[in-house]
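One structure is given below, encoded as structure tokens.
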2 protein chains.
Amino acid sequence: MNIGELARRTGSSARSIRHYDKAGLLASHRRDNGYRDFSDEAVPQVMQVARMIRLGFSLEEITTFPPCMLRQVTNAVCPDALAAHRERLAEVDRQLFDLARLRERLLTVLGANEPHLPPTERAPHEPS
Amino acid sequence: MNIGELARRTGSSARSIRHYDKAGLLASHRRDNGYRDFSDEAVPQVMQVARMIRLGFSLEEITTFPPCMLRQVTNAVCPDALAAHRERLAEVDRQLFDLARLRERLLTVLGANEPHLPPTERAPHEPS
DNA sequence: CTTGACCTTGACACCAGTGTCAGGCGCTAG
DNA sequence: CTAGCGCCTGACACTGGTGTCAAGGTCAAG
């Protein structure tokens, strides 16, 4: 299929798909006219890459992942990629820790000037 | 004092101080030779700006803050800036929420493939 | 043939504070 | 005079996925 249809099927933009393709993540081939020709398996591949990006992995990191990451469509992750996920989790934990401390600092400033601070509540949000 | 001494006293780089100065946050004047001449009050000013940046405010935001933010050296924040801090806190809460959800997703992936996941622990970190 | 939709590559913009370099001037000690 | 340090401005790089534009090729419908 052409890149346009792949974009429609995956919800990613053609621009992004070209980016993933250039990174060697999609295993496409070219027609005689130069057009990219994607097989059906490119659909889950693109969605997988998009999912990894949403999890906070960079394209460069994804490039280093073993090929099974992009071949498998199941929920299972091939063993070789688990380490990357663990590292990513540790990074997220560090960010959570830093952010929590930042929150404490802000509460300190607010609390020192505005004693009526609300209880520690969470603001719902819709990122991705 | 010259910018070099101010940099030494505050721990910020001369490059950053020029940046803050160009943003109009430091109230410096120039000598006949073109050099910036900072008074002693610039020291807490720079540190205050650096503190705000560490709290996650952008220079543009800081620029909109009332002048009292940079004049006062006390721990107290002038009332007009409290709103900005509350908004910043809400933003931090949103980030915490998103990050927590991201963490859940990572744990789901890891948990589905590696049932022996460690308890929810925090990794100590030193940002600033 | 013409129109229009779709494809190609390449390049710039974005965010925002900071590092760093280039080219040049000021000032002081020898 | 000169060596050396400090200061000046201006500009580019960096991060990194994505939007967007330019200039041009492909191809099917009319």
Side-chain angles (χ1 to χ4, degrees), chain A residues 1-26 28-39 42 45-65 70 84 88 91 94-95 98 102 127-128, chain B residues 1-26 28-39 42 45-65 70 84 88 91 94-95 98 102 127-128:
Chain A
M1 79 192 81
N2 281 341
I3 196 173
E5 188 183 347
L6 183 58
R8 274 188 297 275
R9 282 206 212 170
T10 60
S12 296
S13 69
R15 173 69 177 84
S16 297
I17 291 176
R18 285 197 194 93
H19 200 51
Y20 306 158
D21 188 39
K22 189 181 293 183
L25 293 172
L26 295 187
S28 67
H29 66 88
R30 300 300 184 109
R31 285 191 237 267
D32 291 342
N33 58 14
Y35 286 19
R36 288 172 183 82
D37 188 14
F38 297 97
S39 64
Q45 281 180 346
V46 170
M47 294 195 297
Q48 176 76 319
V49 171
R51 205 177 302 128
M52 304 297 289
I53 288 176
R54 256 172 297 158
L55 281 177
F57 294 96
S58 69
L59 268 195
E60 191 175 10
E61 280 176 305
I62 300 176
T63 309
T64 68
F65 287 171
L70 297 175
R88 178 66 190 138
E91 173 66 20
R94 274 191 295 272
Q95 291 178 354
D98 293 347
L102 190 56
S128 166
Chain B
M1 79 192 79
N2 281 340
I3 196 174
E5 188 183 347
L6 182 58
R8 275 187 297 274
R9 282 207 211 170
T10 60
S12 296
S13 70
R15 173 68 178 86
S16 296
I17 292 177
R18 286 196 193 96
H19 199 50
Y20 307 157
D21 187 40
K22 189 181 294 185
L25 293 172
L26 295 187
S28 68
H29 67 87
R30 300 299 184 111
R31 284 192 236 269
D32 291 342
N33 58 12
Y35 285 19
R36 288 171 183 81
D37 188 14
F38 298 96
S39 64
Q45 281 179 346
V46 169
M47 294 194 298
Q48 176 76 320
V49 170
R51 205 177 302 128
M52 305 295 289
I53 288 176
R54 257 173 293 151
L55 282 177
F57 295 96
S58 69
L59 269 194
E60 190 176 10
E61 280 176 306
I62 300 175
T63 309
T64 68
F65 288 171
L70 297 175
R88 178 68 191 136
E91 174 65 20
R94 274 191 295 272
Q95 292 177 354
D98 293 347
L102 191 56
S128 170

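Computed from heavy atoms alone, side chains included, the values below leave out hydrogens, waters and symmetry copies.
- Contact check for A/R18 versus A/R36: side-chain heavy atoms found under the 4.5 Å cut-off.
- A/R88 and A/E91 are not joined by a salt bridge, as no carboxylate oxygen comes within less than 4.0 angstrom of a charged side-chain nitrogen.
- Straight-line distance from the CG atom of B/L26 to the P atom of C/dG17: 14 Å, rounded to whole Å.
- Counting to the nearest Å, the P atom of C/dG26 and the CG atom of B/D32 are 12 Å from each other.
- Put simply, A/N33 has no side-chain N or O that comes within less than 4.0 Å of OP1 or OP2 on C/dC7.
- Between A/S16 and D/dT18, a side-chain N or O to OP1/OP2 separation shorter than 4.0 Å is present.
- Annotation: of the two residues near DNA chain C, B/Y35 and B/L59, the 5′-most nearest-nucleotide partner is B/L59.
- Within the 4.0 angstrom heavy-atom criterion, base atoms lie near A/R18.
- Between atom CD1 of residue B/I17 and atom CD of residue B/Q45 there is a gap of 11.0 Å, rounded to the nearest 0.5 Å.
- Atom P of nucleotide D/dC7 and atom NE2 of B/H29 are separated by 15 Å, given to the nearest angstrom.
- Residue B/D21 contributes atom CG, which lies 13 Å from atom C1' of D/dT9 at whole-angstrom precision.
- Residue B/Y20 places none of its side-chain N or O atoms closer than 4.0 Å to OP1 or OP2 of C/dG17.
- A close approach under 4.0 Å does occur between a side-chain nitrogen or oxygen of B/S13 and OP1 or OP2 of C/dG19.
- The CG atom of A/L6 sits 14 Å away from the C1' atom of C/dC7 (whole-angstrom rounding).
- Among the heavy atoms of the strands, none lies under 4.0 Å from B/R31.
- B/F57 comes within contact range of no nucleotide atom at all, as no heavy-atom separation falls under 4.0 Å.
- Separating the CZ atom of B/R15 from the C1' atom of D/dC8 is a distance of 13 Å, rounded to the nearest angstrom.
- Between B/R30 atom CZ and D/dC8 atom P the separation is 6 Å, expressed in whole Å.
- In terms of modelled atom types and a separation under 3.5 Å, the side chain of B/N2 and the main chain of B/G4 share no donor-acceptor contact.
- Ranking D/dC8, D/dT18, C/dG26 by closeness to the B/I3 side chain, first place goes to D/dC8.
- Partner B/V46 forms a side chain to side chain contact (heavy atoms under 4.5 Å, CB included) with one of B/D21, B/T10, B/L25 and no other, that one being B/T10.
- With C/dG17, C/dC27, D/dC8 as the candidates, the nucleotide lying closest to the side chain of B/R36 is D/dC8.
- For the pair B/H19 NE2 and C/dT20 P, the computed distance is 16 Å after rounding to whole Å.
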